[in-house]
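As structure tokens, the structure follows; a few thoughts come after it.
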There are 2 protein chains.
Amino acid sequence: MTQYKGQEHYLVAVDCIIFGFDGEHLNLLLIKRGFEPKKNKWSLMGGFVQPTEDLDGAAKRILHQLTGLKGVYLEQLKAFGQPKRDPEERTISISYFALIDINQYKEKISDTYAAEWFPLKKYPKLIFDHDKMIELAKGRLRYKASLHPILFELLPEKFTMPQLQNLYEDVYDTSFDKRNFSRKVLSTSLLVKLNDKDMSTSKKGAFYYKLNKKQYTENFHSFLKFIPNPDHLL
Amino acid sequence: MTQYKGQEHYLVAVDCIIFGFDGEHLNLLLIKRGFEPKKNKWSLMGGFVQPTEDLDGAAKRILHQLTGLKGVYLEQLKAFGQPKRDPEERTISISYFALIDINQYKEKISDTYAAEWFPLKKYPKLIFDHDKMIELAKGRLRYKASLHPILFELLPEKFTMPQLQNLYEDVYDTSFDKRNFSRKVLSTSLLVKLNDKDMSTSKKGAFYYKLNKKQYTENFHSFLKFIPNPDHLL
DNA sequence: TCAAAAGTGTTTATTCTACACCCATGG
DNA sequence: CCATGGGTGTAGAATAAACACTTTTGA
């Protein structure tokens with residue numbers, strides 16, 4: 001049996017796939033890499049795991065460095081470990097995906113990172129296996145969102161039913177019947193209707209809703225079947 | 001931004017949660033650790049990631065070393081990276097779970113490992129965070145099996161409807177109506193009924209079924225809603 | 001006054017659930 | 001011949017899907 005002695009050691013990194021929703025489309029936050037190798041190439045935000053932090057801690061730190069945000073939805077996606085994935089030196093990368101309210105992200109938190117939002121449907125070539133990570137994250141997001149109310153993490157505190165539907169429609173690249181959609185969403189009693197309206201997108205105005213936090217946290221792991229026939233959409 | 005130079009390097013290991021079904025209960029294959037630290041303590045089968053292999057490759061190798069099996073169902077579970085999880089030296093462990101046909105595992109493939117099956121409901125204290133890994137794997141198995149036909153991996157080529165139902169009942173620690181259960185399973189057209197019967201558990205005998213491989217591989221990722229009201233069972 | 005987006009209800013089809021009796025055979 | 005486990009069908013309930021018209025108001 002293998003012993004500790006003589007075993008190879010590797011760099012361990014964390015890479016974050018950061019999703020945001022601008023009201024129209026799902027977007028990805030990418031950075032222009034500031035050092036070699038692949039300097040000035042587009043990349044996921046990442047960094048090495050430090051001696052005193054655990055993996056989730058590293059992911060939170062890295063996310064915070066780029067966005068200034070804390071308390072963000074963050075979930076471990078998968079560990080990537082192809083020997084040659086980083087040509088400089090073998091690095092095991094633990095990928096995470098994050099869902100943030102795009103409005104909370106103020107442009108240029110710091111000048112250290114040249115970050116930019118890209119539509120998920122059209123983002124630049126990325127270094128290493130970062131494209132693979134993104135495709136995997138996209139699949140996972142679709143999968144999970146078809147069963148759990150995860151997409152609310154992408155919206156501001158107050159949002160309207162049409163906004164919510166747009167989000168789902170963009171994620172699944174399809175369209176839903178608005179009567180069935182709102183009935184289904186409301187039947188979960190996850191939402192609280194507010195008295196004020198968003199007047200910015202129509203003359204009639206659309207009522208705002210907010211999450212019922214209690215219901216949300218308690219029922220997060222229940223199966224909610226948000227999406228009709230999700231099979232064909234994943 | 002962090003550079004490569006001066007970054008800490010860590011050991012990277014793979015640990016395998018190996019499930020088997022003996023007809024009665026779900027079981028775990030554990031080994032008695034052959035080296036320090038924690039020599040002679042029960043542990044998951046694991047090993048360090050070698051320079052030329054990727055993570056899946058390491059998991060396959062480790063699984064093969066213990067069971068002699070190849071082509072086994074194997075899925076990455078989660079990366080564990082608490083700084084002190086291994087008191088000897090910081091080690092990032094990528095956990096995998098495997099589903100094997102318990103009959104394919106011939107006792108004592110080699111004398112190198114003292115391996116033993118334990119019921120999932122009552123297994124010994126394990127080293128490090130291996131208990132956490134197992135609990136996570138159990139949850140993942142239940143979750144996934146409620147949506148996808150994953151549990152067939154635990155059965156032999158030929159199995160009967162009562163066997164299959166026993167398996168599901170043990171996994172979810174509940175009982176199902178056999179009429180509804182078989183109707184639901186058969187409606188997926190995942191199974192092919194054979195002409196011979198298993199005469200070992202009843203006088204009438206129970207027909208064998210086998211998987212329709214084509215249907216199985218094509219529909220594996222579809223949602224199958226195998227389990228009524230899975231919420232309360234996960 | 002009309003164009004544009006928001007909001008709402010009903011009918012039909014499908015799926016799920018609960019439930020009980022007959023069958024085949026080895027002892 | 002009977003005890004044991006295997007096999008099957010149906011009716012009622014719940015859920016999902018398809019579908020169209022009315023409301024509001026700023027321009």
Side-chain angles (χ1 to χ4, degrees), chain A residues 23-24 145-147 149 155 158-170 172 174-210 219 222-233, chain B residues 23-24 146-147 155 158-170 172 174-210 219 222-233:
Chain A
E24 288 279 311
S146 75
L147 299 165
L155 292 171
K158 285 163 45 168
F159 51 86
T160 66
M161 199 55 77
Q163 270 178 271
L164 182 65
Q165 185 167 347
N166 284 342
L167 171 53
Y168 273 88
E169 292 185 341
D170 187 61
Y172 294 100
T174 184
S175 61
F176 299 109
D177 180 277
K178 63 181 171 177
R179 289 159 293 189
N180 292 338
F181 181 84
S182 84
R183 187 187 308 109
K184 200 175 282 195
V185 169
L186 292 174
S187 76
T188 63
S189 62
L190 237 51
L191 297 191
V192 180
K193 191 176 188 170
L194 303 179
N195 289 320
D196 53 334
K197 286 180 161 187
D198 170 20
M199 301 305 293
S200 70
T201 55
S202 76
K203 304 173 176 169
K204 190 179 180 184
F207 279 106
Y208 280 117
Y209 291 83
K210 64 170 184 180
N219 288 41
S222 314
F223 288 123
L224 291 174
K225 300 199 205 117
F226 269 126
I227 307 301
N229 301 319
D231 287 9
H232 311 290
L233 304 173
Chain B
E24 288 279 310
S146 76
L147 299 165
L155 292 171
K158 285 163 45 167
F159 52 86
T160 67
M161 200 54 78
Q163 270 177 273
L164 182 65
Q165 185 167 348
N166 284 344
L167 171 54
Y168 274 86
E169 292 185 340
D170 187 61
Y172 293 100
T174 186
S175 61
F176 299 108
D177 180 276
K178 63 180 172 177
R179 289 160 294 189
N180 293 338
F181 182 83
S182 85
R183 187 186 309 109
K184 200 175 281 195
V185 169
L186 292 174
S187 76
T188 62
S189 63
L190 238 50
L191 297 190
V192 180
K193 190 176 189 171
L194 303 179
N195 290 320
D196 54 333
K197 286 179 160 187
D198 169 20
M199 302 305 292
S200 70
T201 54
S202 76
K203 304 174 175 169
K204 189 180 181 181
F207 280 105
Y208 280 117
Y209 291 83
K210 64 171 186 180
N219 287 43
S222 313
F223 288 122
L224 292 174
K225 300 201 207 114
F226 269 127
I227 307 302
N229 302 318
D231 287 10
H232 312 291
L233 305 174

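The sequence lines fix the lettering, A, B, ..., with proteins before strands; numbering per chain opens at 1.
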message: So which atom in A:Ser146 and which in A:Tyr172 form the shortest heavy-atom distance, rounded to 0.1 Å?
response: N-OH, 2.9 Å
- request: Treat primed atoms plus P, OP1 and OP2 as sugar-phosphate and everything else as base, then score nucleotides 10-21 of chain C 5' to 3': B for base contact with protein heavy atoms under 4.0 Å, S for sugar-phosphate contact only, - for none.
  value: B------BBBB-
- prompt: In chain order, what residues pass the salt bridge (Lys or Arg N to Asp or Glu O under 4.0 Å) check against B:Arg179, with sequence neighbours excluded?
  reply: B:Asp177
field: Residues touching DNA chain C, which here means a heavy atom under 4.0 Å, drawn from residues 189-205 of chain A
entry: A:Lys193, A:Thr201, A:Ser202, A:Lys204, A:Gly205
field: Qualifying residues under side chain to side chain contact (heavy atoms under 4.5 Å, CB included), relative to A:Ser189, sequence neighbours excluded
entry: A:Gln215
- prompt: Looking at residues at least two apart in the chain, or sitting in another chain, which of them share a salt bridge (Lys or Arg N to Asp or Glu O under 4.0 Å) with B:Lys158?
  reply: B:Asp196
- prompt: side chain to side chain contact (heavy atoms under 4.5 Å, CB included) with B:Lys197: which residues, sequence neighbours excluded?
  reply: B:Met199, B:Lys204, B:Phe207
task: Kindly determine whether B:Thr188 and B:Asn219 satisfy side chain to side chain contact (heavy atoms under 4.5 Å, CB included), including the steps that lead there.
output: CA-CA 9 Å; B:Thr188 62; B:Asn219 287 43; over 6 Å; no
- request: Please identify each residue that fulfils side-chain hydrogen bond (donor to acceptor under 3.5 Å, both in side chains) with B:Ser182, with sequence neighbours left out.
  value: none
query: Going by heavy atoms in the side chains, are B:Leu186 and B:Lys193 under 4.5 Å from each other?
result: no
query: What residues, two or more places apart in sequence or in another chain, satisfy ring pair (Phe, Tyr, Trp, His ring centres under 6.0 Å) together with A:Phe159?
result: A:Phe152
message: Within residues 158-166 of chain A, which residues have any heavy atom lying less than 4.0 Å from an atom of DNA chain D?
response: none
task: Would you please name every residue forming a side chain to side chain contact (heavy atoms under 4.5 Å, CB included) with A:Asp170, sequence neighbours left out?
output: A:Phe21, A:His25, A:Leu26, A:Lys121
query: Earliest and latest nucleotide of DNA chain D, 5' to 3', sitting under 4.0 Å from a non-hydrogen atom of chain B?
result: D:dG5 to D:dT10
- prompt: Within a radius of less than 6.0 Å around NZ of A:Lys210, do more than 12 heavy atoms belonging to other residues, nucleotides or ligands occur?
  reply: no
message: Going by ring pair (Phe, Tyr, Trp, His ring centres under 6.0 Å), name the residues that satisfy it together with B:Phe181, two or more places apart in sequence or in a different chain.
response: B:Tyr168
